[in-house]
Amino acid sequence: MNTDIEKVDPGSPDPETIARAGKILREGGLVAFPTETVYGLGGDALNPESSKKIYAAKGRPSDNPLIVHIADRKDLARIAAEVPESAVRLMDEYWPGPVTMIFPKTEEVPMETTGGLPTVAVRFPSHPTARALIRAAGGYIAAPSANLSGRPSPTSAAHVAQDLSGRIEMIIDGGNAAIGLESTIVDFTEEIPVILRPGFINYEMLKDVLGEVKVDPGILSENEHVRPKAPGMRYRHYAPKAPLVVIEGEPEKVTDLIRKYLEKAAAEGKRAAVLCSDETADSYERAAEKIRSGGAEQNGKNLCVMVSPIGSLTEDESIARHLFGQLRLFDEQNIDIIYSEAFDTPRLGQAIMNRLLKAAGHTVIRAE
Ligand code: AMP
Ligand code: MG
C-alpha cells in the first residue's frame, strides 16, 4: 500500500485534506494524525474491521484496547453507559486535553475496539487537526499511538513513517507533538477513580479536582506479579534496540558513575550514549572528549560517545517532549549501550520515569 503523507498547518488544517482523510476513515481505512500528546493511528472506532486493521498494522496484541477519541462532549453518551459526577468535574477542568477516562461501554462500541473488555477508554483531544479529523470521520476515532508495537511512541510524522509507511493509507503531518508523552488514563469504573497511566495531567492535578484518587499499584511496582490494570501497561514498551540502564542516586554520584561506565564501554570498543539533563551535559561532554581524543577505531567501530541532553530539570516539560524522539535517535546511531540519569522531577517525574523504566526493562543501578 502506498502511504500518502500530507503536511498541514496544525492550528488550521486544509479542509480538503481533512475531508479526504475523513473519507478514508469512514470507508474503514487507517490514518495517522497529530494530537497534543503523541501521534495516533486512527480507524473508525465503531467499525470492528477498522479496529482489527489497527492491531494488524501495529503488530499489537489484540487484547490491548484502543482509546476512542471524540470531538464533542455530547458524543460521549453514545459510547459510555455510565459517567459519574466526578468524571464530569474532570472533563470541566481538563477536556479537551491530555486525559483519557474509562467508563462501562455501550453496545455500540465493538469488542474489537476494547480488546474484549466491557469498558471503553475515551479522550477528547485539544489538537485542532485531531478534532477536525474526528468530526470528518463521523465522530469516533479509535487510536492507539502510531508506532509499531514495542517501539517508542511517535512524536513526529517522520517517526510514524519510520514504523508504518506502506501499512496505512495516510499520515497527516502536523509537526512535533507539544507534550510528547501519552495521555494520563483514569479509570472511573471503580468506587474511587484510579490512575492507570501517569501523564501530563499529574497526580496532584487529579487530586485537586477529584478529591480522592488512587494509583494502580501495577504501574509503580517493579514486581512482575503485580499486574497493571491497563493491558497496554503490561507489555515491554518504548524499548530502543540497545540495552538501556537507568542510574539513580545523588546527582554527583550519578554523574561520576556514568562517566566511569562511559570509559568502560569505550575500553570495550562499544558505542555508548548518555541520556541526561541540560545541567549535567557538560560534565559528560568533557569525559567524552577525553575518550574521543584517546582512541581512534576499535573492533572496526568508530568509537563514539553520544551525549544527549533532553531538557532542563527546572523545565521538565522539555524532557517529556524529547524523550521518545531521543530513544529513536539512539537506534539510528547504532548505539550499543545507553546510560540514563533518573529524571525525578516534581511535576512530570512520575510520567517520565514510568516510560523510561519500561524502556529500560526496569534495569536500575543505584550510584553509591
Ligand atoms: P496507546 O494509545 O497506544 O497508548 O494505548 C492505549 C492504552 O490505554 C493502553 O495502555 C491500553 O491498555 C489502555 N486502555 C484502553 N482502553 C482501556 C480499558 N477499557 N481499560 C483499561 N485500559 C485501557
Ligand atoms: Mg502505545
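Order of listing sets the numbers, starting from 1, for every ligand and every atom in it.
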Among all the protein's non-hydrogen atoms, which is closest to [atom], and how far away is it?
atom                    : result
atom 21 (C) of ligand 1 : Ile102 CD1, 3.4 Å
atom 12 (O) of ligand 1 : Gly232 N, 2.6 Å
atom 9 (C) of ligand 1  : Asn64 OD1, 3.5 Å
atom 13 (C) of ligand 1 : Ile185 CD1, 3.7 Å
atom 2 (O) of ligand 1  : Pro144 CA, 3.2 Å

Would you say Ser145 and ligand 1 have an N/O pair spaced under 3.5 Å apart? yes
Assess Thr114 for proximity to ligand 1: is some non-hydrogen atom of it under 4.0 Å away? no
Is any NZ, NE, NH1 or NH2 atom of the basic residue among [X] and [Y] found under 4.0 Å from an Asp or Glu carboxylate oxygen of the other?
X      : Y      : result
Glu268 : Lys264 : yes
Arg259 : Asp256 : yes
Arg197 : Asp216 : no
Glu289 : Arg292 : yes
Arg123 : Glu36  : yes
Lys229 : Asp187 : yes
Arg20  : Glu169 : no
Lys270 : Asp336 : no
Arg321 : Asp316 : no

If we set the cut-off at 4.0 Å for heavy atoms, which region of [X] has an atom near ligand 1: side chain, backbone, both, or neither?
X      : result
Asp187 : neither
Thr119 : both
Arg60  : side chain
Thr100 : neither

Using the six-membered ring wherever Trp is involved, compare the ring planes of Phe124 and Trp95 and label them parallel, tilted or perpendicular (cut-offs 30° and 60°). perpendicular
Quick one: which ligand 1 atoms are inside 4.0 Å of a heavy atom on [X]?
X      : result
Leu117 : 18 (C), 19 (N), 20 (N)
Leu196 : 21 (C)
Ala121 : 15 (C), 16 (N), 17 (C)
Pro231 : 12 (O), 21 (C), 22 (N)

Look at Ser149 and state whether any of its N, O or S atoms is less than 2.8 Å from the Mg ion (ligand 2). no
To atom 4 (O) of ligand 1, the nearest of Lys58, Arg197, Lys105 on a heavy-atom basis is Arg197
Considering Pro65, Gly199, Pro61, Gly116 one by one, which has a heavy atom nearer to atom 23 (C) of ligand 1 than any of the others? Pro65
Hey, what do you get for OG1 (Thr189) to CZ (Phe103), rounding to the nearest 0.5 Å? 10.0 Å
